[in-house]
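To find a chain, count down the sequence lines: A is the first, B the second, and so on, and within it residues start at 1. When reading the values below, keep in mind they use all heavy atoms of this one structure, side chains included, and skip hydrogens, waters and symmetry mates.
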There are 2 protein chains.
Amino acid sequence: MDTRERLIESARELLWERGYVGTSPKAIQARSGVGQGSMYHHFAGKSDLALAAIDRSAEELRARADAAFAGPGTAMDRITAYFRLEREVLKGCPIGGLTQDPDVMADPRLRRPVEETFTWLTDRLAELLAEASNDRVNARATATALVAVLQGGYVLARAAGSVDVHTRAIDGALGLLAGYVASPQLCREGHLSGIRRP
Amino acid sequence: MDTRERLIESARELLWERGYVGTSPKAIQARSGVGQGSMYHHFAGKSDLALAAIDRSAEELRARADAAFAGPGTAMDRITAYFRLEREVLKGCPIGGLTQDPDVMADPRLRRPVEETFTWLTDRLAELLAEASNDRVNARATATALVAVLQGGYVLARAAGSVDVHTRAIDGALGLLAGYVASPQLCREGHLSGIRRP
DNA sequence: GTCTATACAACGATAGAC
DNA sequence: GTCTATCGTTGTATAGAC
């Protein structure tokens with residue numbers, strides 16, 4: 001692996017483990033075994049290297065999701081397959097975690113891949129949901145809720161220090177989803193009556 | 001407001017905005033208008049002050065949730081009321097956001113209030129769900145999924161730079177939930193058949 | 001209790017030799 | 001391309017006077 005590559009991979013690991021604010025150029029150099037001078041030769045600075053790292057992590061996430069979405073079976077099978085993918089739950093989501101980083105959110109270049117990843121993922125899931133439930137109307141909101149369960153699952157699992165919580169969140173979501181797919185109408189009526197109530 | 005109080009409140013704001021790693025004692029002093037010496041007189045150091053701040057934020061979150069849970073109407077009404085509470089979505093969850101902070105997760109004293117808050121919230125919600133659906137079996141997983149939607153909603157909203165995404169996630173979740181409450185059996189059967197499939 | 005002074009490492013980057 | 005030296009700033013305190 002060449003120097004540039006090692007820097008990107010080390011930066012990815014550190015961004016995942018400690019976030020952007022918590023990661024220093026020095027730490028990246030130490031982990032990659034690349035010297036100060038080399039790093040600044042290949043990248044203009046911390047944020048430049050971080051961008052390369054974030055871009056790659058985003059690409060990886062998309063590729064994994066795409067593989068699950070393109071798998072065999074019904075739309076619901078493929079949604080389920082995506083949710084059941086193995087994840088390093090206690091490390092958190094390498095992309096979602098960045099939303100908590102003030103310096104990432106403040107820099108449009110760093111934030112963009114994060115934003116695009118979730119837009120893409122939600123849209124893709126909404127298509128599959130529309131197919132699974134024959135209900136175009138609620139697909140977008142339902143897809144958003146599902147992606148949120150995944151992201152929130154990381155938060156709860158890290159808080160609890162236990163992978164199980166993430167699993168449980170997904171189980172709960174898939175349970176709700178099964179009812180929805182069996183009868184989207186029921187959810188819709190129930191929801192509307194709930195909205196009217198207050 | 002006395003000195004100690006101002007320090008805690010400033011620390012709370014900064015922890016919320018920039019996280020623990022991103023917040024320096026100096027920044028807390030600047031925001032609170034309290035001098036270096038005073039701060040170290042009232043608190044042993046950064047983590048000690050942060051603990052006081054986190055404890056208070058956790059208590060506040062609980063109090064708000066409790067107020068919604070103790071409101072009028074059916075169990076489902078009270079769950080809905082909790083989900084419809086006003087939130088500073090783009091700032092993220094003052095407690096959930098801390099799970100992304102490596103130095104908070106690494107320190108048991110700082111992590112504890114975060115863990116306890118989510119355990120408490122999930123349990124409370126599970127009780128209400130059991131009441132609303134007459135289904136004790138899935139209440140825990142469903143409650144976990146719901147709390148995850150809330151937390152993940154913050155993540156997605158911050159990524160998108162838009163409050164709407166959080167609202168949409170909640171709408172999606174409440175829609176799914178309405179179907180579940182109307183027919184818990186349907187969700188359960190559907191879910192089990194989904195689990196069997198792969 | 002609060003202030004100022006001091007300390008010493010780490011941060012993020014630049015300079016210039018090789 | 002990589003190395004070492006250097007730089008000015010901030011982080012996280014401690015010391016001691018008032």
Open item on the list: Contact between B/Leu146 and B/Phe83 at the side-chain level, heavy atoms closer than 4.5 Å - yes or no?
Closed with: yes
Open item on the list: Just so I know, are the side chains of A/Leu186 and B/Ser183 near enough to count as touching, which here means a heavy-atom distance under 4.5 Å?
Closed with: yes
Open item on the list: How many whole angstroms separate atom CG of B/Leu49 from atom P of D/dT12?
Closed with: 12 Å
Show every donor-acceptor pair shorter than 3.5 Å between a side-chain atom in residues 120-127 of chain A and any protein atom, with sequence neighbours excluded, or say none if there are none.
from     : atom 1 : to       : atom 2 : distance (Å)
A/Thr122 : OG1    : A/Phe118 : O      : 2.8
A/Arg124 : NH1    : A/Glu127 : OE1    : 3.1

Open item on the list: Rounding to an integer number of Å, can you tell me how far B/Lys46 NZ sits from C/dA10 C1'?
Closed with: 13 Å
Task: Length of the line joining A/Gln29:CD and C/dA10:C1', which is rounded to integer Å - done: 12 Å
Task: OP1 or OP2 of C/dT2 under 4.0 Å from side-chain N/O of B/Thr3 - done: yes
Task: Summary of side-chain hydrogen bond (donor to acceptor under 3.5 Å, both in side chains) pairs that have at least one residue in residues 43-62 of chain B, sequence neighbours excluded - done: B/Glu5-B/Arg56, B/Glu9-B/Arg56, B/Arg12-B/Ser57, B/Arg12-B/Glu60
Task: Atom pair distance, as rounded to whole Å: NZ in B/Lys26 and C1' in C/dC11 - done: 13 Å
- [ ] Name the nucleic acid region contacted by A/Ser47, choosing base, sugar-phosphate or nothing; use a 4.0 angstrom heavy-atom cut-off, strictly under.
- [x] nothing
Task: Those residues of residues 8-16 of chain A lying under 4.0 Å from DNA chain D by at least one heavy atom - done: none
- [ ] Name every residue in residues 35-43 of chain B that has at least one heavy atom under 4.0 Å from any atom of DNA chain D, in order of residue number, or write none if there are no such residues.
- [x] B/Gln36, B/Tyr40
- [ ] May I ask you to check whether over 12 heavy atoms, not counting those of A/Arg111, lie within 6.0 Å of atom CZ?
- [x] yes
- [ ] May I ask you to list the residues sharing a hydrophobic cluster with B/Trp16, side-chain cutoff 4.5 Å, ordered by chain and number?
- [x] none
Open item on the list: Is any side-chain heavy atom of B/His41 closer than 4.5 Å to one of B/Thr3?
Closed with: no
Open item on the list: Please report the distance, rounded to the nearest Å, between CD1 in A/Ile28 and P in C/dA10.
Closed with: 16 Å
- [ ] Please go through A/Leu49's hydrophobic cluster and name the other residues, only I, L, V, M, F, W, Y counting, with side-chain heavy atoms under 4.5 Å joining them.
- [x] A/Leu7, A/Ile8, A/Leu14, A/Ile28, A/Val34, A/Met39, A/Tyr40, A/Phe43
